[in-house]
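A short write-up of the structure that comes next.
Position 1 is the first residue of the sequence, and the numbers go up from there. Note that these values count all heavy atoms, side chains included, but never hydrogens, waters or copies made by symmetry.
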Amino acid sequence: QVQLVESGGGLVQAGGSLRLSCVDSERTFRDTAMGWFRQAPEKEREFVAAISWNSVNVKYAEFVKGRFTISRDNAKSTVYLEMNTLKSDDTAVYYCTRGLGGIVFPFKYNRDSWGHGTPVTVSS
């Protein structure tokens, strides 16, 4: 069973920064694209960012371009989401997920495998 463990969320003031981490227990991590999603209260889960298996390609939702950066460390089976210039609209629970392949164009992911998520609250 896929195990994804997110961490790094918390309470931050608007304009601040956070760095999220997601550790993946799968041995095939280094061959798999990874992504971040988020779900705000009473809203649908939405795509945030994705990174290819070799970090060559990244993909971002329009609303985070220029503010968030996705990266990965295959030696640590970890994917990161660096979030800067946070806004109150970024308040949500953030989840990582595994891709169904190594690429992000398109980013196809496993809709049945999610971690518990890490909550981010941005105060204005």
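Partners of R19 by salt bridge (charged side-chain N to carboxylate O under 4.0 Å, His left out), not counting sequence neighbours, listed by chain and number: E82. For Y95, there are no ring pair (Phe, Tyr, Trp, His ring centres under 6.0 Å) partners at least two apart in sequence or on another chain. When the side-chain contact (heavy atoms from CB on, under 4.5 Å) test is applied to N74, the partners found at least two apart in sequence or on another chain are F29, R30, R72. Remark: E42 pairs with no residue by the salt bridge (charged side-chain N to carboxylate O under 4.0 Å, His left out) rule, at least two apart or across chains. The side chain to side chain donor-acceptor pair (under 3.5 Å) search around R38 returns E46, D90, Y94, not counting sequence neighbours. Residues passing the side-chain contact (heavy atoms from CB on, under 4.5 Å) test with D31: none are found, sequence neighbours excluded. Contacts of S71 classified as side-chain contact (heavy atoms from CB on, under 4.5 Å), with partners at least two apart in sequence or in another chain: Y80. Residues meeting the salt bridge (charged side-chain N to carboxylate O under 4.0 Å, His left out) test with K43, sequence neighbours left out: none.
Separating the CZ atom in F68 from the CG atom in L86 is a distance of 5.0 Å, to the nearest 0.5 Å. One finds the CG atom of D24 at 9.5 Å from the OG1 atom of T97 (value rounded to the nearest 0.5 Å). Between atom CG of residue L4 and atom CZ of residue R98 there is a gap of 7.0 Å, rounded to the nearest 0.5 Å. In this structure, CD in E26 is found 10.0 Å from CE in M34, a value given to the nearest 0.5 Å. Taken to the nearest 0.5 Å, the CG atom of N57 stands 9.0 Å off from the CD1 atom of I51. Interatomic distance, CG of N54 versus CD1 of I103, reported as 11.0 Å (0.5 Å rounding).
Note on residues 19-75: pairs passing disulfide bond (SG atoms under 2.5 Å apart), not counting sequence neighbours, are C22-C96. For residues 34-54, the set of pairs meeting the ring-ring contact (aromatic ring centres under 6.0 Å, His included) definition, not counting sequence neighbours, comprises F37-F47, F37-Y109, F37-W114. Counting only residues at least two apart or on different chains, the salt bridge (Lys or Arg N to Asp or Glu O under 4.0 Å) pairs with a member in residues 52-65 are E62-K65.
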Would you mind writing out the side-chain donor-acceptor pairs for residues 116-124 within the sub-3.5 Å range, not counting sequence neighbours?
{"from": "T118", "atom 1": "OG1", "to": "G9", "atom 2": "N", "distance (Å)": "2.9"}

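Heavy-atom minimum distance, G99 versus F107: CA-CE1, 3.8 Å.
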Full working for side chain to side chain contact (heavy atoms under 4.5 Å, CB included) between S17 and N84 = CA-CA 4 Å; S17 300; N84 298 311; 2.8 Å; yes
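Counting heavy atoms from C-beta on, the side chains of V79 and I70 come closer than 4.5 Å. With contacts defined as side-chain heavy-atom distances shorter than 4.5 Å, the pair L20/M83 qualifies.
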